[in-house]
Amino acid sequence: MKKTMRLAVMLIAMVSIQHMAVSQTPTLETVFAKMEKANKDYPYLQGTVEKSIYTDFIAKLKFDKSGKIWISNAGNSTHQVRVEFDKPQKETWNLTSGLFVDYYPKTKSGKKVTFDQDRQPEAECVFLGLCSSTTQLKQFYAVTVVGQETVNNVKTILLELRPKDKKREDLFALIKLWLDADKWYPVQTQIIEPNKNYNIFKYSGFKTGSFSSSVFKLDLPKDAQMETHKF
C-alpha cells in the first residue's frame with residue numbers, strides 16, 4: 001500500500017512539473033507581441049557583444065571578436081546599430097538608414113554595403129529580435145518556440161527561424177534566437193549557413209538609458225579605401 005501511494009505521489013509530481021514547464025513557455029503569438037512591445041519599451045540599448053565563428057571543415061569553434069554595441073530606434077523607422085570591436089583588433093560596424101559600414105581603422109580600409117529599404121527591418125527582427133512589426137517574420141520564416149534555456153545565467157526563450165523561400169535558404173539554413181524571458185531583448189543569436197558553418201553573437205550587460213545620436217556618426221578619413229556593395 002505504501003509503495004502504491006509513493007508511486008501515485010511521484011506520478012502526480014511529474015505531471016505537475018510537466019504542466020508547469022508547458023505553462024511557462026509562451027505561445028508564438030505571445031512571443032511576437034512581447035517582441036513588438038520590447039521594441040517600443042527599449043528605444044536605447046547599449047552593452048557588450050562577442051562574436052564566435054564555427055567552421056565545419058575544421059570542426060572548431062573559435063573566439064573571434066569582442067567589443068561594445070549601441071542600438072537605437074528613437075525617432076527612426078529603423079534601428080541604428082554601432083559596434084566597436086576592440087579585440088583581437090579594432091573594427092567598427094555602423095548601420096543606419098540602409099547603409100552598413102565595416103571599417104578597420106588600422107589599415108584605413110573596409111566596405112560599405114547598401115540594401116533595399118525593406119531589408120533592414122527584416123534583418124533587425126531576425127538577428128536581434130527587435131521588431132517594430134513581426135509581419136515580415138511571419139511572411140518569410142517558419143518560426144518555432146523551442147522552449148526555455150538559461151544562457152549566461154539569463155533565463156531565455158529560444159526561437160528557431162527557418163526560411164520559407166529559396167533566396168533566403170541560400171543564405172541561412174537556420175537562425176536561433178535567444179531572447180531574455182523578462183525583457184525580451186537579445187541574449188544570443190546563432191546563424192547557421194547551408195554549409196553548416198555558423199556565427200554566434202552573445203550580448204550582455206545591456207543598459208536601457210538614452211545616449212547621444214552622435215554615437216552613430218562615422219567620419220571616415222578621406223584616404224580610406226572602401227569597397228562598395230549592393231545587397
Side-chain angles (χ1 to χ4, degrees), residues 32 35-36 38-40 42-46 49 51 53 64-65 67-85 91-105 107-143 159-177 179 185-186 188-195 197-201 203 213-221 224-231:
F32 284 158
M35 291 167 73
E36 292 182 0
N39 185 70
K40 295 177 182 178
Y42 306 112
Y44 298 95
L45 291 171
Q46 56 181 318
V49 59
K51 178 187 176 185
I53 299 175
D64 189 31
K65 302 174 182 179
K68 298 178 180 179
I69 184 170
W70 295 261
I71 304 171
S72 172
N73 70 339
N76 298 282
S77 57
T78 56
H79 288 79
Q80 298 180 92
V81 182
R82 176 72 170 258
V83 177
E84 290 286 350
F85 292 114
E91 180 183 1
T92 298
W93 289 1
N94 205 68
L95 173 64
T96 181
S97 301
L99 174 64
F100 172 73
V101 178
D102 182 6
Y103 180 64
Y104 293 87
T107 59
K108 293 185 179 181
S109 64
K111 61 184 177 183
K112 294 182 178 181
V113 182
T114 57
F115 40 89
D116 296 336
Q117 188 175 2
D118 62 339
R119 287 269 190 165
Q120 184 171 338
E122 179 186 343
E124 296 167 357
C125 194
V126 170
F127 301 128
L128 293 172
L130 299 173
C131 313
S132 56
S133 169
T134 55
T135 301
Q136 288 182 314
L137 209 59
K138 299 171 187 177
Q139 180 179 356
F140 298 122
Y141 299 87
V143 185
L159 304 183
E160 288 189 349
L161 289 68
R162 297 182 185 276
K164 291 182 179 180
D165 60 86
K166 190 176 186 307
K167 180 174 70 174
R168 289 169 177 79
E169 283 180 345
D170 289 341
L171 297 173
F172 317 111
L174 175 66
I175 298 164
K176 293 184 177 183
L177 183 60
L179 298 172
Y185 48 56
Q188 183 170 277
T189 305
Q190 183 180 15
I191 305 166
I192 304 173
E193 301 171 5
N195 60 8
N197 294 343
Y198 62 80
N199 293 333
I200 294 180
F201 292 86
Y203 308 97
S213 60
S214 62
V215 167
F216 306 105
K217 185 178 180 182
L218 182 60
D219 293 321
L220 299 177
Q225 301 296 311
M226 303 296 292
E227 299 177 6
T228 57
H229 302 273
K230 173 73 176 177
F231 182 70

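Count residues from 1 along the sequence.
Taking each heavy atom of Asn94 and Val215 in turn, the nearest pair found is OD1-O, 4.4 Å. The heavy-atom pair separating Met226 from Ser109 by the smallest distance is SD-C, 4.0 Å. Between Cys131 and Met35, the shortest heavy-atom distance links the atoms SG-CE, 3.6 Å. Annotation for Lys217 and Arg82: closest pair O-NH1, 3.6 Å, computed over non-hydrogen atoms.
Within 6.0 Å of atom NZ in Lys164, more than 12 heavy atoms from other residues, nucleotides or ligands are found, so the atom counts as buried in its surroundings. Atom NZ of Lys40 is surrounded by 12 or fewer heavy atoms from other residues, nucleotides or ligands within 6.0 Å. Within a 6.0 Å radius of CD in Glu169, other residues, nucleotides and ligands contribute more than 12 heavy atoms.
Looking at heavy atoms from C-beta onward, Cys125 lies out of side-chain contact with Gln136 at the 4.5 angstrom threshold. With a 4.5 Å cut-off on side-chain heavy atoms, Lys176 and Tyr198 do not count as touching. Using a 4.5 Å cut-off on side-chain heavy atoms (C-beta onward), Glu84 and Trp70 make contact. Within the 4.5 Å cutoff, side-chain heavy atoms of Ile191 are placed close to those of Phe201. Contact check for Leu220 versus Lys112: side-chain heavy atoms found under the 4.5 Å cut-off. Using a 4.5 Å heavy-atom cutoff, the side chains of Phe85 and Val49 are in contact. At a threshold of 4.5 Å between non-hydrogen side-chain atoms, the residues Val143 and Phe32 count as touching. Residues Leu130 and Pro186 have side chains in contact (heavy-atom distance under 4.5 Å, counting atoms from C-beta outward).
Side chain to side chain, Gln80 and Thr96 meet the donor-acceptor criterion of an N or O pair below 3.5 Å. In the model, Thr78 has no side-chain atom that pairs as donor or acceptor with a side-chain atom of Glu124 under 3.5 Å.
Between His79 atom NE2 and Phe216 atom CZ the span is 9.5 Å, to the nearest 0.5 Å. The line from CD of Gln46 to CD1 of Ile69 is 11.0 Å long, rounded to the nearest 0.5 Å. Taking NZ of Lys51 as the start and CH2 of Trp93 as the end, the distance is 4.5 Å to the nearest 0.5 Å. Between atom OH of residue Tyr141 and atom CZ of residue Arg162 there is a gap of 13.5 Å, rounded to the nearest 0.5 Å. Atom CD1 of Ile175 sits about 11.0 Å away from atom CG of Asn199, to the nearest 0.5 Å. In this structure, OG1 in Thr189 is found 10.0 Å from CG in Leu159, a value given to the nearest 0.5 Å.
The existence of a salt bridge linking Arg168 and Glu122 is confirmed by a sub-4.0 Å separation between a basic side-chain nitrogen and an acidic carboxylate oxygen.
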_ring pair (Phe, Tyr, Trp, His ring centres under 6.0 Å) for Phe172 and Phe127? Distances and angles first, verdict last._
CA-CA 11 Å; Phe172 317 111; Phe127 301 128; 5.4 Å; yes
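Judged by distance alone, the side chain of Glu36 and the main-chain N or O of Thr134 form a donor-acceptor pair under 3.5 Å.
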